[in-house]
Novice: 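Got a structure for you, questions after.
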Number of protein chains: 2
Amino acid sequence: MPNLDKFDIAILKVLQEDARATNVEIAERVNLSPSPCLRRIRNLEKSGVLRGYRADIDRKEVGLGLTVFVEIKVGRHSRENAMAQQEALLAVPEVVSCFLISGNADFLAEVVVEDLSAYERLLTETLLTMPGVTDIRSNFAIRSIKTGGPLKLPTL
Amino acid sequence: MPNLDKFDIAILKVLQEDARATNVEIAERVNLSPSPCLRRIRNLEKSGVLRGYRADIDRKEVGLGLTVFVEIKVGRHSRENAMAQQEALLAVPEVVSCFLISGNADFLAEVVVEDLSAYERLLTETLLTMPGVTDIRSNFAIRSIKTGGPLKLPTL
DNA sequence: CATATTCGCGAATAATCCTCGGCATTTTTG
DNA sequence: CAAAAATGCCGAGGATTATTCGCGAATATG
C-alpha cells in the first residue's frame, strides 16, 4: 500500500530533522511546489507512515535522570497471555519503549524515571507485581550517548 | 538553571503529543495567552530542554523491518578510549539510540535496519571492526510494542 | 494508439499566525 | 516597606501560511 518514492523519502527526512518546518519550507527543500508537497504529507499521515510529531525533550532537564533497560522474563504459562503482558507494559507511563525480543529475556523495556528510588518503587510496585513475570534484570544507563536518533531512511 | 513551573510542564506535554501544534493552540490548552506562551517555548528551546521536533515515522512502513538491541563489550584497555567508542557509535546512522550501561555489557545500542542481511552487513563491516570491541550479543526484536513513547513528565 | 489516471505547477483566496509594545499584577529583592 | 524584576494580558499590524481550483504533462492501462 505505501509505495514511497523519492519525494516522500525527502519529505520524511526533513520532517525527521524539524517536525515544525512549514509546508512551504519543506516544499523548497524537496524541490516541489507547496501544493503537491502538502498532498503528500497528508497522504503520509493518513497511510500511517507518519504517526505523529513529537517534541524531543532532554530527559535530565526535566528531572528524569535515570534510564533503565529492563529485561523481563515471563513464565511459560503466560506466554499465551503475551497480549495481556503487552497491554500492561504499554500502560506504564515510565516505559518509553518496549519490545518482545529473542534471547534470554522476553521483553526489553526502556524505563525513564526520576532517580533510583523512583525506579525501586516502579520495580516493586508495578513491574514485579505483573502476573506471569518470573524474573527481571535491570541494566542501568550510566551515560546517554544518543536517544531518539533519526531513522536511516532508504536512499531512493 | 532550568526551573520549570506548571506552565512549562504543560507546554511540554502538549508538544510531546503534537509537536506541530500551533502556538495559539498550545496557549489555549495551557490556559495562557499566546504571547507568554511563545516566550516560554522559546526559552525552553534556548535552555536546551526542548532539543527539537521530530516526526514519528513507522519503521516498518519505510522498509526498516528489523530492530536489534546490540550489547557491546569493549576490552579493558579501551575503557579509557570510551570517548572514541561513543563517537564511533554515534556516527552510525543505523544506531537509533545508545547508552553506556551497567551489567554484562558496556554499551547497549538500538539498531534499526532493513532486514537480517542488512544487519549482518552492519555487524561484520561496522560493529565488529570497531577497535576495542571484544564481544557483541544481538537481541532481535520480534515485535514492537512501543517506540518513542512520551516521557512521564512530573506533575507540578 | 487512445483513454484514464496520476501528478505537479501556479495563482488566488481566506484564514491564521507571529511579533511587538504598552499596561497591570504579582513576586522577588534589598 | 519600597523598588525592581518577572510575568501575563490585550490589541493590532503585517507577514506568512494553508488550502483549493483548474490546467497541462507525464505515465500507466487497455
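Proteins come first, then strands; the chains are lettered A, B, ... in the order of their sequence lines, and each starts at number 1.
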Novice: Considering the options L50(B), I41(B), V49(B), which one meets the side chain to side chain contact (heavy atoms under 4.5 Å, CB included) requirement together with I11(B)?
Specialist: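 Testing I11(B) for a side chain to side chain contact (heavy atoms under 4.5 Å, CB included) against L50(B), I41(B), V49(B) leaves exactly one candidate, I41(B).
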Novice: Round to a whole Å and report the spacing from CG of L38(A) to C1' of dA15(C).
Specialist: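 After rounding, the gap between these two atoms is 15 Å.
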Novice: Measure CD1/I11(B) against C1'/dT7(D) and give the value in whole Å, please.
Specialist: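 The answer, rounded to whole Å, is 13 Å.
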Novice: Under 4.0 Å between any heavy atoms, over every strand shown, what does T22(A) touch: base, sugar-phosphate, or nothing? Just pick one.
Specialist: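 Touches sugar-phosphate only.
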Novice: Going by an N to O cut-off under 4.0 Å, is there a salt bridge joining D106(B) and K73(B)?
Specialist: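 Salt bridge between D106(B) and K73(B), a charged N being under 4.0 Å from a carboxylate O: no.
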Novice: Hey, is the main chain of G52(A) close enough, under 3.5 Å, to the side chain of E45(A) for a donor-acceptor pair?
Specialist: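 No, E45(A) side chain to G52(A) backbone: no donor-acceptor pair under 3.5 Å.
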Novice: Might you work through the side-chain hydrogen bond (donor to acceptor under 3.5 Å, both in side chains) test for S35(B) and R40(B), ending with a clear yes or no?
Specialist: CA-CA 9 Å; S35(B) 357; R40(B) 281 168 179 275; over 6 Å; no
Novice: Quick one: closest heavy-atom pair of A118(B) and V113(B), and the distance?
Specialist: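 Reported closest heavy-atom pair: CB-CB, 4.1 Å.
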Novice: What integer distance in Å separates D8(B):CG from dT7(D):C1'?
Specialist: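 Nearest whole value for this atom pair: 12 Å.
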Novice: Do any side-chain atoms of residues 64-71 of chain B form donor-acceptor pairs under 3.5 angstrom with protein atoms, and if so which ones, sequence neighbours left out?
Specialist:
from, atom 1, to, atom 2, distance (Å)
T67(B), OG1, R59(B), NH1, 2.9
E71(B), OE2, N139(B), ND2, 2.9

Novice: Quick one, give me the B/S/- string for nucleotides 21-30 of chain D, reading 5' to 3', where B means a protein heavy atom under 4.0 Å from the base and S means that only happens at the primed atoms, P, OP1 or OP2.
Specialist: ----------
Novice: In plain terms, say whether R29(B) and D18(B) are close enough for a salt bridge, that is, a side-chain N and a carboxylate O under 4.0 Å apart.
Specialist: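 D18(B) and R29(B): not salt-bridged.
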Novice: Considering only heavy atoms from C-beta outward, does the side chain of N23(A) approach that of C37(A) to under 4.5 Å?
Specialist: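 Side-chain contact under 4.5 Å: yes.
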Novice: Only counting residues at least two apart or in another chain, list the ones meeting salt bridge (Lys or Arg N to Asp or Glu O under 4.0 Å) with R143(B).
Specialist: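 Salt bridge (Lys or Arg N to Asp or Glu O under 4.0 Å) list for R143(B), sorted by chain: empty.
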Novice: Is the side chain of E25(A) donor-acceptor paired with the backbone N or O of T22(A) at a distance under 3.5 Å, no angle test?
Specialist: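 Yes; at least one donor-acceptor contact below 3.5 Å.
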Novice: What's the angle between the local helix axes at either end of the helix from dC1(C)-dG30(D) to dG30(C)-dC1(D), using five pairs per end and rounding to 10 degrees?
Specialist: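 It comes to 50° between the two terminal axes.
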Novice: Are R42(A) and dA18(D) close enough that a side-chain N or O sits under 4.0 Å from OP1 or OP2?
Specialist: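 For R42(A), the contact criterion (side-chain N or O under 4.0 Å from OP1 or OP2 of dA18(D)) is not met.
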Novice: Which parts of residues 23-32 of chain A get close to DNA chain C, meaning a heavy atom less than 4.0 angstrom away?
Specialist: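 Heavy-atom contacts with DNA chain C come from L32(A).
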Novice: Does any N or O in the side chain of R54(A) come within less than 3.5 Å of the main-chain N or O of L15(B), such that one atom is a donor and the other an acceptor?
Specialist: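 A pair under 3.5 Å: no.
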Novice: Can you pull out the residues from residues 13-21 of chain B that lie within a 4.0 Å heavy-atom distance of DNA chain D?
Specialist: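 None, since no heavy atom is under 4.0 Å.
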Novice: Quick one: does S102(A)'s side chain have a donor or acceptor within less than 3.5 Å of a partner on F140(B)'s backbone?
Specialist: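 Present.
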Novice: If you define the side chain from C-beta out and look only at heavy atoms, does anything of I145(B) sit under 4.5 Å from V95(A)?
Specialist: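 When only atoms from C-beta onward are counted, V95(A) and I145(B) do not touch, as no gap falls below 4.5 Å.
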